[in-house]
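I have placed the structure first, in the form of structure tokens, so that the comments after it can refer back to it.
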Amino acid sequence: MTSRVPRIGVIRFPGSNCDDDVVHVARAVLGARCEVVWHKDRSVDGFDLLVVPGGFSYGDYLRCGAMARFSPVMDAVTAFAERGGAVVGICNGFQILCEAGLLEGALLRNESLRFVAREVAIRVERDGACFTEGAAGRVLRMPIAHGEGRYHHDDPDRLEREGKVVFRYVGENPNGSLRDIAGVTNARGNVVGLMPHPERASEPVLGSADGHSLFEAAVAWLGARR
């Protein structure tokens with residue numbers, strides 16, 4: 001294991017509004033090297049971790065993430081993931097990764113048909129994924145802010161059996177997600193998506209620093225594989 005400082009790339013689409021939050025956490029809280037990657041860029045070479053942030057990419061026209069999935073940068077993100085690179089999608093980023101086929105399932109309109117924005121509790125269901133290393137069993141508090149966060153999957157039994165559920169809402173299911181699912185991973189554990197915003201809960205001044213542990217988990221996952 002090496003102590004090399006990781007290099008993090010944050011994908012920016014027209015309409016992204018949480019990209020700068022992730023950049024702040026990466027640089028000021030983690031002490032990592034971090035750069036913004038524009039949606040028209042066609043290379044993500046040299047990065048250790050890519051973050052697809054929250055926001056309203058392309059104004060959420062058609063449906064959340066449907067247009068961003070066709071951005072030039074997504075071919076590079078897909079190739080990076082196929083090589084085993086770590087990719088994390090937060091909120092709209094989770095929606096984009098599902099639209100791109102990098103994660104299973106879909107995010108549907110909230111059961112209430114209303115935008116929800118409040119703090120929730122989620123439990124980390126397993127270790128070994130790129131955003132959960134060493135965090136299994138922890139219950140974390142962080143905010144959500146979405147109108148289409150209701151996770152759906154056609155075969156939830158298989159999803160559970162294959163260990164692809166990594167985050168689950170505790171106490172309150174704010175959007176009607178299937179089996180309280182708040183985040184999933186792929187089979188290799190190198191691609192993770194979640195609806196809550198850890199970047200908005202990474203410093204005590206924000207009311208919770210629980211989200212910091214997920215970014216630390218990513219650094220640990222990267223270090224263990226060098």
Side-chain angles (χ1 to χ4, degrees), residues 4-61 64-103 107 129-131 142-146 183 190-203 205-206 209 211-223 225-226:
R4 182 173 70 84
V5 176
R7 186 176 175 221
I8 299 173
V10 180
I11 312 299
R12 176 176 286 165
F13 301 93
S16 295
N17 68 4
C18 299
D19 42 345
D20 285 335
D21 303 64
V22 177
V23 170
H24 169 76
V25 172
R27 292 175 178 170
V29 181
L30 281 182
R33 296 176 295 163
C34 185
E35 299 173 33
V36 171
V37 181
W38 184 230
H39 73 117
K40 291 186 177 181
D41 290 345
R42 295 182 180 275
S43 173
V44 292
D45 291 347
F47 290 107
D48 300 300
L49 167 67
L50 297 177
V51 179
V52 188
F56 303 92
S57 58
Y58 296 93
D60 279 350
Y61 291 115
C64 296
M67 294 181 71
R69 176 262 178 273
F70 292 102
S71 285
V73 75
M74 288 307 296
D75 287 337
V77 172
T78 298
F80 179 83
E82 289 174 348
R83 295 193 299 269
V87 180
V88 173
I90 301 170
C91 196
N92 185 229
F94 185 11
Q95 296 161 341
I96 293 168
L97 294 182
C98 287
E99 289 285 341
L102 290 174
L103 290 173
L107 284 308
C130 70
F131 217 40
M142 59 189 69
I144 55 169
H146 57 251
N190 65 304
V191 181
V192 169
L194 72 163
M195 287 309 297
H197 286 268
E199 79 282 6
R200 297 184 184 179
S202 288
E203 297 173 281
V205 70
L206 299 175
H212 184 203
S213 63
L214 299 184
F215 289 99
E216 288 182 323
V219 173
W221 188 90
L222 291 169
R225 283 153 182 79
R226 289 189 188 122

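Note that the structure is predicted; figures quoted are calculated from it, not measured.
The only option from Val37, Val23, Val22, Ile11 that meets the side chain to side chain contact (heavy atoms under 4.5 Å, CB included) definition with Val51 turns out to be Val22.
No close placement of the Phe13 and Phe56 rings is indicated, their centers lying 6.0 Å or farther apart.
Between the OG atom in Ser71 and the CG atom in Asp41 there is a gap of 10.5 Å [rounded to 0.5 Å]. Rounded to the nearest 0.5 angstrom, Asp21 CG and Ser16 OG are separated by 11.0 Å. The CD atom of Glu35 sits 4.5 Å away from atom CZ of Phe47, with the distance rounded to the nearest 0.5 Å. In this structure, Leu194 CG and Leu214 CG are separated by 7.0 Å, a value rounded to the nearest 0.5 Å. Between the OG atom in Ser57 and the CG atom in Asn92 there is a gap of 3.5 Å [rounded to 0.5 Å].
When every heavy atom of Ala129 is checked against every heavy atom of Trp221, the shortest pair comes out as O-CD1, 3.4 Å. For the residue pair Pro143 and Arg200, the shortest heavy atom distance occurs at CG-CB, 3.6 Å. Across Cys91 and Gly54, no two heavy atoms sit closer than the pair CB-CA, 4.2 Å. The heavy-atom pair separating Met74 from Ala100 by the smallest distance is CE-CB, 4.0 Å. A pairwise comparison of heavy atoms in Val10 and Pro53 identifies CG1-CG, 4.1 Å as the closest pair. Here the closest non-hydrogen pair linking Ala32 and Val5 is CA-CG1, 3.5 Å.
Checked against salt bridge (charged side-chain N to carboxylate O under 4.0 Å, His left out), Asp20 has the following partners two or more places apart in sequence or in another chain: Arg12. The ring pair (Phe, Tyr, Trp, His ring centres under 6.0 Å) check on Tyr58 picks up His39, with sequence neighbours excluded. Residues satisfying the side chain to side chain contact (heavy atoms under 4.5 Å, CB included) test with Glu82, not counting sequence neighbours, are Thr78.
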Report task. Could you check Leu222 against Arg4 for side chain to side chain contact (heavy atoms under 4.5 Å, CB included), going step by step and ending with a plain yes or no? Result -> CA-CA 10 Å; Leu222 291 169; Arg4 182 173 70 84; over 6 Å; no
Report task. Could you give me the CA-CA distance, side-chain angles and deciding distance for His212 and Leu30, then say whether side chain to side chain contact (heavy atoms under 4.5 Å, CB included) is met? Result -> CA-CA 8 Å; His212 184 203; Leu30 281 182; 3.8 Å; yes
Query raised in the report: Going through the checks in order, is the side chain to side chain contact (heavy atoms under 4.5 Å, CB included) test met by Met195 and Leu107?
Result: CA-CA 9 Å; Met195 287 309 297; Leu107 284 308; 4.0 Å; yes
Query raised in the report: Would Val87 and Asn190 satisfy side chain to side chain contact (heavy atoms under 4.5 Å, CB included), going step by step from the backbone distance to the final call?
Result: CA-CA 6 Å; Val87 180; Asn190 65 304; 5.7 Å; no
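No donor-acceptor distance shorter than 3.5 angstrom exists from the side chain of Arg42 to the backbone of Pro72, with no hydrogens or angles considered. Proximity of a side-chain donor or acceptor of Arg7 to a complementary backbone N or O of Leu49 within less than 3.5 Å is not detected.
No hydrogens or angles considered: a donor-acceptor pair under 3.5 Å links the side chains of Glu203 and His24.
Residues Phe80 and Asp45 have side chains not in contact (no heavy-atom distance under 4.5 Å, counting atoms from C-beta outward). Side chains of Phe70 and Glu99 form no contact here, defined as non-hydrogen atoms less than 4.5 Å apart. With contacts defined as side-chain heavy-atom distances shorter than 4.5 Å, the pair Ile144/His197 does not qualify. Between Leu50 and Val88, every side-chain heavy-atom pair lies at or beyond the 4.5 Å cut-off.
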